[in-house]
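Report on the following structure.
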Amino acid sequence: PTNHLDIDTIAWLEGYVRQRVETVLFVTHDRAFLRRIATRIIDLDRGRLAGWDCDYDTFLKRKQQLLDDEAVEWERLGRKLDQEEAWLRQGIKARRTRNEGRVRALFELRERFRARRETEGVSRIALQSAERSGRLVVKAEGVTFGYAGSPPLVRRLTLRIERGERVGIMGPNGSGKTTLLRLLSGDLQPTGGVITHGARLQPILYDQLRRQLDPARSVVENIAGHRETLTLNGRPRHVYGYLRDFMFDAERARTPVGVLSGGERNRVMLAKCFAEPGNLLVMDEPTNDLDIETLELLEAQLQDFDGTLLLVTHDREFLSNVVTRTLVLEGDGHIGQYPGGYEDWLAQRPRPEPSTPPPAKPAQASRTRRRRLSYNERRERDRLPDTIADLESERDQLFAVFADPESLRRPPAEIVRDRNRLEALEPEIERLTARWVELETLAEEERN
């Protein structure tokens, strides 16, 4: 559910689920979302489904311990298999029942090893080294940009990005993150101000829309055209071997990109980007659809990257683990600059100033304005709790109806009628509750 949502919406979704949803079953690669929401993990591993009654961090520790124990057990069985195979090659001296049983046990052990499934592979992506850029990478002085007929998305931005910095860009969907990325990378020219780029830049662009990929061509054709080898860090490498690092076997590498899953297309984009050397990585939403293992590997590669990174992502943990500075689009064209990643921004972001309460009125003036409830208001106040309770009961009954799959077999007119009624009930309950609070407050003042 978190794919393509901006950070504010993901945070809202977390709060909504925790406060208002009793049971939720979800699939996500967002580790921060997992940590905040999940109280139990269901793990699908090599065809086996296992339930872990714990949070995500505890699951990681227990799962790693299980894998370590499993590796030790397979190592023990491997030694035993080697010993039994050597015994069999020596020849069975007599046809005794004990020997026959030992041979059957050996055959069973062989079959067990044949049926063994290794842990799922992960990408072995690696960035290529390139010539170092100059110390200055990007310098913006009073930069402003806006599309015709719209307010500026960027207003009077001044910043300096130096070699080796990893800069993250945050903001709501539609706020201009991609526009800012294109400005800083030189793909867009500002409508005001000046952007200067440093010397010896070799940019690599990761486009979230994956426009560099031809969906009608195969994976291998998108990466290497008609070549059979790529030059990686000065050494030739066969393209199929390179694609295996991104979890594409030979058959999958010949598949048209248009029929791949979102995560597979993302890996193709990474393979295409990292097939060329560069010292300036410009990445627009590279984390969408990536599995957790690939995310963590990409994090490690970017942390060790000695070039400069400009990154747009809604993955909060990725931002916290990778970037050294964060640019935040805060509205009205203003861009805040904060050292560190997402968690650092949370600690530094400006807090809204509390509104100044109106000056207290003298008690005498308050008493002169106090009024008594009318007869009709008293009757209304007495009736409202029962009315609200009836509406809440009706709302709960409708919730129960829609929770039953059989309800969808009803005539469409009934379904529409009940849905419209359910949508109208919530604001009506809120309105009546607010009215009851108002009348109860007046009654309390009258008693005092």
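By the 30° and 60° cut-offs, the orientation of the rings of Trp345 relative to Tyr342 is tilted.
Proximity of a side-chain donor or acceptor of Arg155 to a complementary backbone N or O of Asp332 within less than 3.5 Å is detected. Judged by distance alone, with hydrogens and angles left aside, the side-chain atoms of Arg265 form a donor-acceptor pair with the main-chain N or O of Leu260 at under 3.5 Å. For Thr255 (side chain) and Arg252 (main-chain N/O), a donor-acceptor pair under 3.5 Å exists by modelled atom type. Counting only distance, with no hydrogens or angles, the side chain of Asn279 and the backbone of Thr308 share no donor-acceptor pair below 3.5 Å. Using a distance-only test at 3.5 Å, with no hydrogens or angles considered, a donor-acceptor pair links the side chain of Lys272 to the main chain of Asn222. Using a distance-only test at 3.5 Å, with no hydrogens or angles considered, no donor-acceptor pair links the side chain of Glu392 to the main chain of Ile429.
The salt bridge (charged side-chain N to carboxylate O under 4.0 Å, His left out) test applied to Glu14 returns Arg36, Arg316, not counting sequence neighbours.
Taking the ring axis of Tyr338 as reference, the NZ or CZ atom of Arg349 does not stay both within 45° of it and closer than 6.0 Å to the ring centre.
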List, one per line, each side-chain donor-acceptor pair under 3.5 Å for residues 186-200, sequence neighbours excluded.
{"unit_1": "Asp187", "atom_1": "OD2", "unit_2": "Arg182", "atom_2": "NE", "d": "2.8"}
{"unit_1": "Asp187", "atom_1": "OD2", "unit_2": "Arg182", "atom_2": "NH2", "d": "3.3"}
{"unit_1": "Thr191", "atom_1": "OG1", "unit_2": "Thr144", "atom_2": "O", "d": "2.9"}
{"unit_1": "His197", "atom_1": "NE2", "unit_2": "Leu184", "atom_2": "O", "d": "2.8"}
{"unit_1": "Arg200", "atom_1": "NE", "unit_2": "Arg132", "atom_2": "O", "d": "3.2"}

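Within a 6.0 Å radius of NZ in Lys63, more than 12 heavy atoms belonging to other residues, nucleotides or ligands are found. Within a 6.0 Å radius of CD in Glu73, other residues, nucleotides and ligands contribute more than 12 heavy atoms. The local environment of CZ in Arg40 is sparse, with at most 12 non-hydrogen atoms from other residues, nucleotides or ligands closer than 6.0 Å.
Contact of the Glu221 side chain with the Val239 side chain is not registered, since no non-hydrogen atoms from C-beta on lie closer than 4.5 Å. The shortest distance between side-chain heavy atoms of Leu34 and Phe26 falls below 4.5 Å. When side chains are defined from C-beta on, Gln337 counts as touching Leu157, because their heavy atoms get closer than 4.5 Å. Annotation: side chain of Leu319 is in contact with side chain of Ile7 (closest heavy-atom distance under 4.5 Å). At least one side-chain heavy atom of Leu13 sits under 4.5 Å from a side-chain heavy atom of Val17. Ile161 places a side-chain heavy atom less than 4.5 Å from the side chain of Arg325. Annotation: side chain of Val257 is in contact with side chain of Val219 (closest heavy-atom distance under 4.5 Å). Put simply, the side chain of Ile37 reaches to within 4.5 Å of the side chain of Arg18, judged on heavy atoms.
Taking SG of Cys54 as the start and NZ of Lys61 as the end, the distance is 10.5 Å to the nearest 0.5 Å. We find the CG-CZ distance between Leu295 and Phe318 to be 6.5 Å, quoted to the nearest 0.5 Å. In this structure, CE in Met170 is found 13.0 Å from CG in Leu180, a value given to the nearest 0.5 Å. If you take CG on Asp315 and CG on Asn3, they are separated by 10.0 Å, rounding to the nearest 0.5 Å. For the atom pair Arg431 CZ and Leu391 CG, the distance stands at 9.5 Å (nearest 0.5 Å). The CG atom of Leu311 sits 9.0 Å away from atom CG of Asp284, with the distance rounded to the nearest 0.5 Å.
With respect to Asp6 and Lys177, no salt bridge is recorded, no charged nitrogen being found less than 4.0 Å from a carboxylate O. Electrostatic pairing of Arg237 and Asp245 counts as a salt bridge here, judged by a charged N lying under 4.0 Å from a carboxylate O.
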| query | Going through the distances and angles, do Gln212 and Leu205 end up as a side chain to side chain contact (heavy atoms under 4.5 Å, CB included)? | reply | CA-CA 9 Å; Gln212 297 112 307; Leu205 174 64; 4.2 Å; yes
| said: Could you go through Tyr206 and Leu281, starting from their C-alpha distance and side-chain angles, then the distance that decides it, and tell me whether this counts as side chain to side chain contact (heavy atoms under 4.5 Å, CB included)? | reply: CA-CA 8 Å; Tyr206 180 101; Leu281 269 177; over 6 Å; no
| field | Worked verdict on Arg395 versus Leu422 for side chain to side chain contact (heavy atoms under 4.5 Å, CB included) | value | CA-CA 6 Å; Arg395 178 194 61 189; Leu422 185 58; 3.8 Å; yes
| request: Apply side chain to side chain contact (heavy atoms under 4.5 Å, CB included) to Val268 and Phe248, showing your working. | output: CA-CA 9 Å; Val268 176; Phe248 290 103; 3.5 Å; yes
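Residues Leu201 and Ser133 approach most closely at CD2-CB, 3.7 Å, considering heavy atoms. Contact between Pro1 and Thr28 at its shortest, heavy atoms only, is CD-CB, 4.5 Å. Of all non-hydrogen atoms in Leu230 and Ala275, the two that sit nearest each other are CD1-CB, 4.5 Å. The two residues Pro256 and Pro215 come nearest to each other via the heavy atoms CB-O, 3.8 Å. The nearest pair of heavy atoms linking Arg267 to Leu290 is CG-CD2, 4.2 Å. In terms of heavy atoms, Asp344 sits closest to Pro339 at CB-O, 3.5 Å.
Side-chain contact annotation: His314 with Asn173, donor-acceptor N/O pair under 3.5 Å present.
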